[in-house]
Amino acid sequence: GYNLLAIPLAAGVLYPKFGILLSPSIAALLMALSSITVVLNALSLDWMKGKFIVIEGIDGCGKTTQIEAIYKWLPSSELMEKNSQVIKTREPGGTKFGKRIREILLANDQKNEPSDLTELLLYAADRAEHVSKIISPELHKNNWVISDRFADSTLAYQGYGRDLDI
């Protein structure tokens with residue numbers, strides 16, 4: 001199962017039970033953009049010791065900037081084991097197949113817009129591919145994965161935005 005914890009950065013508390021502790025400078029940097037939420041998600045399986053960090057937020061709020069800062073900071077933070085790596089990814093488009101799905105989703109216009117359910121299923125297909133090809137294998141290798149968006153975006157955009165019962 002998953003242990004999932006989402007912490008609004010405006011609260012300034014970034015110490016969940018998963019062992020993630022951000023330095024004061026990184027915490028301050030992250031709190032500067034209160035529209036971003038950090039989601040820390042770790043699979044509770046012994047053989048999967050990596051960490052999954054998700055940065056969620058609206059378009060243009062600074063997710064990429066924060067991901068770059070965390071990506072550069074983590075290896076020197078002493079939180080990671082010596083042989084662990086930090087992997088950056090995104091949704092949609094974290095895999096080769098996902099990039100094609102992303103192109104379909106972003107190329108739509110009024111005439112060629114998919115139904116709300118079709119859009120949701122395209123995002124679900126991207127997520128299935130993303131988890132099986134990137135996230136799970138990297139966590140299995142004890143790496144840390146930082147993702148630009150994940151499940152909260154689906155809830156916000158397809159659930160609330162498209163009024164789908166997800």
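What's counted below: heavy atoms across the whole structure, side chains too, no hydrogens, waters or symmetry copies. None of the values given here were measured: they were computed from a predicted structure.
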Please report the closest heavy-atom contact between Ile135 and Phe52, naming both atoms and the distance.
CD1-CZ, 3.6 Å
Got a salt bridge between Glu68 and Lys88, using NZ or NE/NH1/NH2 to carboxylate O under 4.0 Å?
yes
Kindly write out the residues that satisfy side-chain hydrogen bond (donor to acceptor under 3.5 Å, both in side chains) with Thr95, not counting sequence neighbours, or none if the list is empty.
none
Step-by-step side-chain contact (heavy atoms from CB on, under 4.5 Å) determination, Arg149 to Ser147:
CA-CA 6 Å; Arg149 298 201 168 143; Ser147 184; 5.6 Å; no
salt_bridge(Asp116, Arg162) N-O dist < 4.0 Å
yes
Once you round to the nearest 0.5 Å, how far does CD1 of Ile134 lie from NZ of Lys96?
12.5 Å
Apply the test side-chain contact (heavy atoms from CB on, under 4.5 Å) to residues Thr154 and Arg127: give CA-CA distance (whole Å), side-chain angles for both, the deciding distance (0.1 Å), then the verdict.
CA-CA 10 Å; Thr154 304; Arg127 177 153 313 126; 2.8 Å; yes
Phe150 versus Val131: any side-chain heavy-atom pair under 4.5 Å?
yes
Could you tell me which non-hydrogen atom of Thr64 sits nearest to which non-hydrogen atom of Asp148, and how far apart they are?
OG1-OD2, 3.8 Å
Using 4.0 Å as the upper bound for N to carboxylate O, is an ion pair formed by Lys63 and Glu56?
no
For Leu74 versus Ser77, what's the shortest heavy-atom pair and its separation?
O-OG, 2.6 Å
Just by distance, do the side chain of Thr118 and the backbone of Pro114 share a donor-acceptor pair under 3.5 Å?
no
Interatomic distance, Glu81 atom CD to Asn143 atom CG [nearest 0.5 angstrom]
10.5 Å
Run through the side-chain heavy atoms of Ile, Leu, Val, Met, Phe, Trp and Tyr, join any pair under 4.5 Å, and report what else lands in Ile104's cluster.
Phe97, Ile101, Leu105, Leu122, Tyr123
Crowding at CD, Glu78 (>12 non-hydrogen neighbours, <6.0 Å):
no
Mind checking whether Trp73 and Leu79 have side chains closer than 4.5 Å, heavy atoms only?
yes
Nearest heavy-atom pair of Ser84 and Trp144: which atoms, and what distance?
CB-CD1, 4.4 Å
Nearest 0.5 Å please: distance from the OG atom of Ser115 over to the CG atom of Leu121.
8.0 Å
Residues Ile70, Ile55; criterion side-chain contact (heavy atoms from CB on, under 4.5 Å); working and verdict
CA-CA 10 Å; Ile70 295 168; Ile55 305 296; 3.9 Å; yes
If you measure from the Lys or Arg side-chain nitrogens to the Asp or Glu carboxylate oxygens, is any gap between Lys141 and Glu138 under 4.0 Å?
yes
CD1 (Ile146) and CD (Gln66) are apart, to the nearest 0.5 Å, by 11.0 Å
First locate atom CD of Glu129, then atom CD of Glu91, and finally report the distance between them rounded to the nearest 0.5 Å.
11.5 Å
Show your working on side-chain contact (heavy atoms from CB on, under 4.5 Å) between Val145 and Thr89 and close with a plain yes or no.
CA-CA 7 Å; Val145 178; Thr89 188; 3.7 Å; yes
Tell me, yes or no, whether the heavy-atom count around Asp163 atom CG, taken from other residues, nucleotides or ligands under 6.0 Å, exceeds 12.
no
Which residues pass the salt bridge (Lys or Arg N to Asp or Glu O under 4.0 Å) test with Arg102, sequence neighbours left out?
none
